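Throughout, a chain's letter reflects where its sequence line sits, starting with A, and its residues are numbered from 1. Just so it is clear, the model here is predicted, and its values are computed rather than measured.
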Amino acid sequence: MERKVRVRFAPSPTGPLHIGGVRTALYNYLFAKKHGGDFLLRIEDTDQTRFVPGAEEYIIKAFDWLGIKFDEGQGIGGDYGPYRQSDRKEMYKEYADKLIDSGWAYYAFDTPEELDNVRKEFEKEKKNFQYDCNTRSSLKNSLSLSKEETNSLLEKNTPYVLRFKFPKDTEILIHDLIRGEVRMNSNLLDDKVLYKSDGMPTYHLANIVDDHLMKISHVIRGEEWLPSCPLHVMLYKAFGWESTMPEFAHLPLLLKPEGNGKLSKRDGDRLGFPVFLLEWQDPISKETSSGYREAGYFPEAVINILALLGWNSGTEKEIFSLDELIEIFSLERISKSGAKFDLEKAKWFNHQYLQLMPNNKIAEQYLSILKEKNIDICLEHVEKIVGLVKERCNFVADLWEQSSFFFLKPESYDEKLIKKRWKDEVPQRLSEIVIILNSIEDFNSHTAHDKVHAFIEGNELNMGQIMNCLRLSIVGEGKGPDLFEIMALIGKEETLERINIAIETIGKNE
RNA sequence: GCCCCGUUCGUCUAGAGGCCUAGGACGCUAGAUUUUCAUUCUAGAAACCAGGGGUUCGAAUCCCCUACGGGGUACCA
C-alpha cells in the first residue's frame, strides 16, 4: 500500500521557535520533498493557558525567512483545515465520546487538588503515584463509581476529564524508523488525560485525531515524545485506525553545549549563541533574545548547519544546498544520540556561504551598513572592495572591520609597527615614493606596483621595510589585502595624501 | 524512584564482524606562501571506540551486565 507522504510540523505557539524545533521542521520538510509529499503546518494550541501573543505569526515569519515553504496549513490554507487546534475544538468532543462508548476511555472526577493530595500520600510512603490500572479503582471515576453515581455527577455538571483506559498486561510495540523496535508494557503506563475539564483535548487526543483526519503518513518529532508513543499507538487501535496509522520517527534532541539538558526556549541568549531564528521580544517581560538573522547568518547556512546536526550524508561533503539535501536526505542516516551546537563550526559554515555568494549581492547588503555610517559610495566600488576582503569574513558585518580603511583615513598608527619598522630613513624614502607615484599617469595597482618595486630594487632597499611602512601610512596598521589594490581603489590622490600625512605625523608627536 | 532512549577525538560525525595501526570536518598547534594581517596549502597533536563480561578464528560493529548522559513520569506540548 503506497500512500502519499504527508508530514506535519506542529508547534505550540508558546513563544518563538528554537533551533531544535526548526531542525525537526527541516527534517520533516526534507523527508516530504524527497518523497514528493506534502509538508503542513499545524498549530497545537490546546493549552490555552500557555498562549503567547505573536508566537504564531513569529513561527510563520521565521520559516519564511529560512526559505522553507509549507504546502498546507495555518496561514496557508488547504483541504484539511482548520489547521489551528483551537479552531477544531468542536470536533474533538465527538471523538472523545467515541472512546467512552467503546470503553477505551472513562470519566474521571478527581479534582487537581485531590490528585495532589493522593500524590503527597504516596510520597510519604516513598512511592510514586500514577493514575493507572492499579490505582484507578480507588479513585473517583466512572470505572470505580456506579452507573447511577456517574450519571448523577454528570447531570450536576461536575467538572471531569476523560482518561484513556490502558488495558492490563499488554505489550505495546513501536516501530521507530530511527530506533527500531521499542517495547513497553501497558501496566507501567498511566491513564493519560485525553480531554480536559475546560473542554479542550490534550495533545495526545488532538494529535491523533488530526493526524488521522489530515492523512499524515509519517510522524517525525523529537525524542521527548517517545515515552508517550505507546499511548498514541493504542489510540489508533482504539479508534480502529491501525491500518492508516502513520509511521513514527523520533529524532535525537539538541543539547545545551554545557552538556546537560535539552535546548529550550528559556535558554535565550545565555548560551553565547542565538537559540532563535529571528530576534524575539517577550510580550510580557519585554526581554529580547537575538536571532540568527540579526546575527548575520544566511538562511542557507542555517539550514546547512541544522541539517548536519544529527544527520549526515555518509560522504565527506558538508556544504549542501537545500535541493541537494532534499536529494540525499534519509531518515536512516539520522543518528540516535543528541547533538550539541558548535558555535565555531556554525561560523565556518557561514564563512563558506559568504565565499559562495556573488560579490554584488554581498555589496548590496554591505552598502546598507555603510549608509548607516554615513558613507556615500557606489555599489560598483563596494563590489570591488568586497572581492578583496570577503575571504577574511564570516559575516557581512565583518566587512567593516576588514575594509573600513578604504573609506576612512587612519586616525592613528599601530605603535608596535612603528617601533619595529619606522626607521629614521623611512620618511625620506616615502617622500621619494610620493614623487614617483605622483608621476604615474595611468594610476592602477599594476603601475603602482611596478614603480614602487623598481624604486626599492633600484635603491637596493629592504622590501619588507618599505612595504610595511607604506601599509602603515595608508591603512594605519599591518593588515589588509594587497596594498597596491588598496591604493588603486582609494585612488592616487588619496594615496599620496595619506602617505604625506603619515610622514608628517609618525614620530613627530612624542 | 520507575519506564524509555542513548554512549567513537574538545565538538559534529564516518564506521552496519575482518578494508580500522579507527576516516573526515570545525577548533587547536607547527611549517610553507605573502609587502602585513587574514585567507589558502601542508603537516601534527587529538578517541586504548564509556567500563566489564561473553559469542566468534576474528568485535567499535552481535549479546549481557554496570556506569554515565538524556528524555518521560502534569487537566504542558
Side-chain angles (χ1 to χ4, degrees), chain A residues 10-14 44-47 49-50 108 110-112 115-116 119 123 126-131 159-163 174 176 178-179 182-185 187-190 192-198 200-204 206-207 221-230 250 252-253 255 257 259-262 305 308-319 332-333 335-349 351 355 389-393 402 414 417 421 449 452-453 456 462-472 475 477-484:
Chain A
S12 63
T14 56
E44 309 227 323
D45 57 347
T46 52
D47 185 357
T49 64
R50 294 210 304 164
D110 322 81
T111 65
L115 289 176
D116 257 6
R119 262 183 208 111
E123 264 172 48
K126 299 245 178 205
K127 282 199 282 188
N128 212 45
F129 170 71
Q130 194 167 268
Y131 212 119
Y160 66 86
V161 301
L162 259 36
R163 285 181 181 272
I174 298 164
D176 187 278
I178 294 169
R179 283 152 220 288
V182 179
R183 284 159 217 279
M184 278 183 244
N185 189 296
N187 296 355
L188 275 357
L189 271 8
D190 66 325
K192 279 263 169 350
V193 171
L194 299 176
Y195 199 80
K196 300 183 274 188
S197 56
D198 65 357
M200 281 294 262
T202 59
Y203 167 85
H204 304 293
N207 109 86
R221 78 236 285 195
E223 195 187 1
E224 71 264 33
W225 294 108
L226 193 51
S228 53
C229 197
H250 290 94
L253 266 17
L255 274 16
N260 31 46
K262 65 169 172 171
I305 293 163
L308 261 56
L309 226 44
W311 171 89
N312 77 86
S313 70
T315 69
E316 280 173 9
K317 187 174 158 77
E318 292 202 286
I319 302 296
E332 294 74 50
R333 295 207 62 86
S335 48
K336 295 183 176 76
S337 46
K340 289 173 195 158
F341 184 88
D342 184 344
L343 217 214
E344 291 307 318
K345 189 138 189 189
K347 287 183 192 162
W348 176 82
F349 271 112
H351 179 262
Q355 307 320 308
V389 302
K390 71 168 177 180
E391 65 185 20
R392 302 150 181 271
C393 302
Q402 297 301 332
D414 188 310
L417 255 183
R421 303 285 192 180
H449 172 274
V452 171
H453 274 248
I456 291 171
N462 180 315
M463 179 81 124
Q465 189 70 12
I466 294 301
M467 286 308 293
N468 281 304
C469 289
L470 208 44
R471 179 176 293 278
L472 184 65
V475 176
E477 47 189 315
K479 70 171 188 187
D482 186 276
L483 229 204
F484 299 106

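- A/Asn187 comes within 4.0 angstrom of no nucleic acid atom, judged by non-hydrogen atoms across all strands.
- Nucleotide B/U73 is matched to B/G1 when pairs are restricted to Watson-Crick or G-U wobble geometry with both distances under 3.5 angstrom.
- Look at A/Thr14 and you won't find any side-chain N or O under 4.0 angstrom from OP1 or OP2 of B/A77.
- A distance-only check finds a donor-acceptor pair linking the side chain of A/Asp176 to the backbone of A/Ile178 [under 3.5 Å].
- No donor-acceptor pair under 3.5 Å is formed between the side chain of A/Arg333 and the backbone N or O of A/Trp311.
- Counting non-hydrogen atoms under 4.0 angstrom, A/Leu483 reaches a base of the nucleic acid.
- Contacts of A/Glu391 with the nucleic acid, taken as non-hydrogen atoms under 4.0 Å apart, include base atoms.
- Contact annotation for A/Gly464: no contact, since no heavy-atom pair falls under 4.0 Å across all strands.
- Using atom C1' as the reference point in both B/G69 and B/C62, the two lie 23 Å apart (nearest Å).
- The phosphate of B/A77 has OP1 or OP2 within less than 4.0 Å of a side-chain N or O from A/Thr46.
- Taking side-chain N and O atoms only, A/Lys127 has no distance below 4.0 Å to OP1 or OP2 of B/U73.
- Put simply, OH on A/Tyr195 is 22 Å from P on B/A74, counting in whole angstrom units.
- Side-chain proximity of A/Leu226 to the nucleotides B/C75, B/C5, B/G71 is greatest for B/C5.
- Using atom C1' as the reference point in both B/U61 and B/A22, the two lie 12 Å apart (nearest Å).
- With B/C75, B/U13, B/U11 as the candidates, the nucleotide lying closest to the side chain of A/Leu115 is B/C75.
- Separating the NZ atom of A/Lys345 from the C1' atom of B/G27 is a distance of 10 Å, rounded to the nearest angstrom.
- Taking atom C1' in both B/A14 and B/A47, the straight-line distance is 13 Å, to the nearest Å.
- No donor-acceptor distance shorter than 3.5 angstrom exists from the side chain of A/His250 to the backbone of A/Glu224, with no hydrogens or angles considered.
- With no hydrogens or angles considered, a side-chain donor-acceptor pair links A/Ser313 and A/Thr315 at under 3.5 Å.
- Using the six-membered ring where Trp is involved, A/Tyr203 and A/Trp225 have ring planes that are parallel, under 30° apart on the 30 and 60° scheme.
- If you take CD of A/Gln355 and P of B/A38, they are 16 Å apart, rounded to a whole angstrom.
- Mapping A/Met463 and A/Leu189 onto RNA chain B via the closest heavy atom, the residue that lands nearer the 5' end is A/Leu189.
- Residue-to-nucleotide proximity on RNA chain B shows that, of A/Gly478 and A/Pro11, the 5′-proximal contact is made by A/Gly478.
- Look at the P atom in both B/C63 and B/U7: the space between them is 12 Å, to the nearest Å.
- Listed nucleotides: B/A74, B/C12, B/U73. Nearest to the side chain of A/Leu309: B/C12.
- Only the C1' atoms considered, B/G18 is 31 Å distant from B/U11, to the nearest whole Å.
- Under a 3.5 Å cut-off, the side chain of A/Lys196 and the backbone N or O of A/Thr46 do form a donor-acceptor pair.
- For A/Val182, counting side-chain heavy atoms from C-beta on, the closest listed nucleotide (B/C75, B/C4, B/A77) is B/C4.
- Between A/Lys336 and the phosphate of B/G70, there is no side-chain N or O to OP1/OP2 separation shorter than 4.0 Å.
- Nucleotide B/A30 is matched to B/U42 when pairs are restricted to Watson-Crick or G-U wobble geometry with both distances under 3.5 angstrom.
- Applying the Watson-Crick and G-U wobble criteria (two distances, each under 3.5 Å), B/G58 pairs with nothing in any strand.
- Rounded to an integer number of Å, the gap from CD of A/Glu344 to C1' of B/U29 is 16 Å.
- B/C12 and B/A46 have their C1' atoms separated by 15 Å, with the value rounded to a whole Å.
- At the heavy-atom level, A/Thr315 lies nowhere under 4.0 Å from the strands shown.
- Within the nucleic acid shown, A/Pro481 comes within 4.0 Å of at least one base atom, counting heavy atoms only.
- We find that CD1 of A/Ile319 is positioned 16 Å from P of B/U13, with the value rounded to whole Å.
- Residue A/Asn128 is classed as a base contact, given a heavy-atom separation below 4.0 Å to a base.
- The side chain of A/Lys479 has B/U36 as its nearest neighbour among B/U36, B/G23, B/C3.
- Under 4.0 angstrom from either OP1 or OP2 of B/C75 there lies at least one side-chain N or O belonging to A/Arg163.
- Residue-environment remark: NZ (A/Lys317) exceeds the threshold of 12 foreign heavy atoms within 6.0 Å.
- Pair assignment for B/C68 gives B/G6, based on Watson-Crick or G-U wobble hydrogen-bonding distances that are each under 3.5 Å.
- Within the nucleic acid shown, A/Ser337 comes within 4.0 Å of sugar-phosphate atoms alone, with no base atom in reach, counting heavy atoms only.
- A salt bridge does not link A/Asp342 with A/Lys340: every distance from a Lys NZ or Arg NE/NH1/NH2 to an Asp or Glu carboxylate oxygen is 4.0 Å or more.
- Taking atom NE2 of A/His351 as the reference point, atom P of B/U39 lies 8 Å away to the nearest angstrom.
- Among the atoms of the strands shown, none is found under 4.0 Å from any heavy atom of A/Gly314.
- When the C1' atom is used for both B/G23 and B/A16, the distance is 16 Å, rounded to whole Å.
- Nucleic acid contact class of A/Thr111 (heavy atoms, under 4.0 Å, all strands): base.
- Under 4.0 angstrom from either OP1 or OP2 of B/A14 there lies at least one side-chain N or O belonging to A/Asn312.
- A gap of 15 Å separates the P atoms of B/G53 and B/G58, to the nearest Å.
- The side chain of A/Asp342 approaches B/G10 more closely than any other nucleotide in the set B/G72, B/G23, B/G10.
- Note on A/Arg333: only backbone sugar-phosphate atoms sit closer than 4.0 angstrom, heavy atoms only; bases stay farther off.
- Here A/Val193 lies in heavy-atom contact (under 4.0 Å) with sugar-phosphate atoms only.
- A 4.5 Å side-chain heavy-atom check between A/Phe484 and A/Met467 finds at least one atom pair inside the cut-off.
- Nucleic acid contact for A/Arg179: sugar-phosphate only, since backbone atoms but no base atoms lie under 4.0 Å from a heavy atom of the residue.
- Side-chain N or O atoms of A/Arg392 include one that pairs as donor or acceptor with a backbone N or O of A/Gly480 at under 3.5 Å.
- With rounding to whole Å, A/Glu318 atom CD is found 16 Å from B/G23 atom P.
- For the pair A/Lys262 and B/G72, the criterion of a side-chain N or O lying under 4.0 Å from OP1 or OP2 is met.
- The nucleotide whose nearest atom lies closest to any side-chain atom of A/Arg392 is, among B/C75, B/C37, B/C12, B/C37.
- Taking atom CH2 of A/Trp225 as the reference point, atom P of B/C5 lies 18 Å away to the nearest angstrom.
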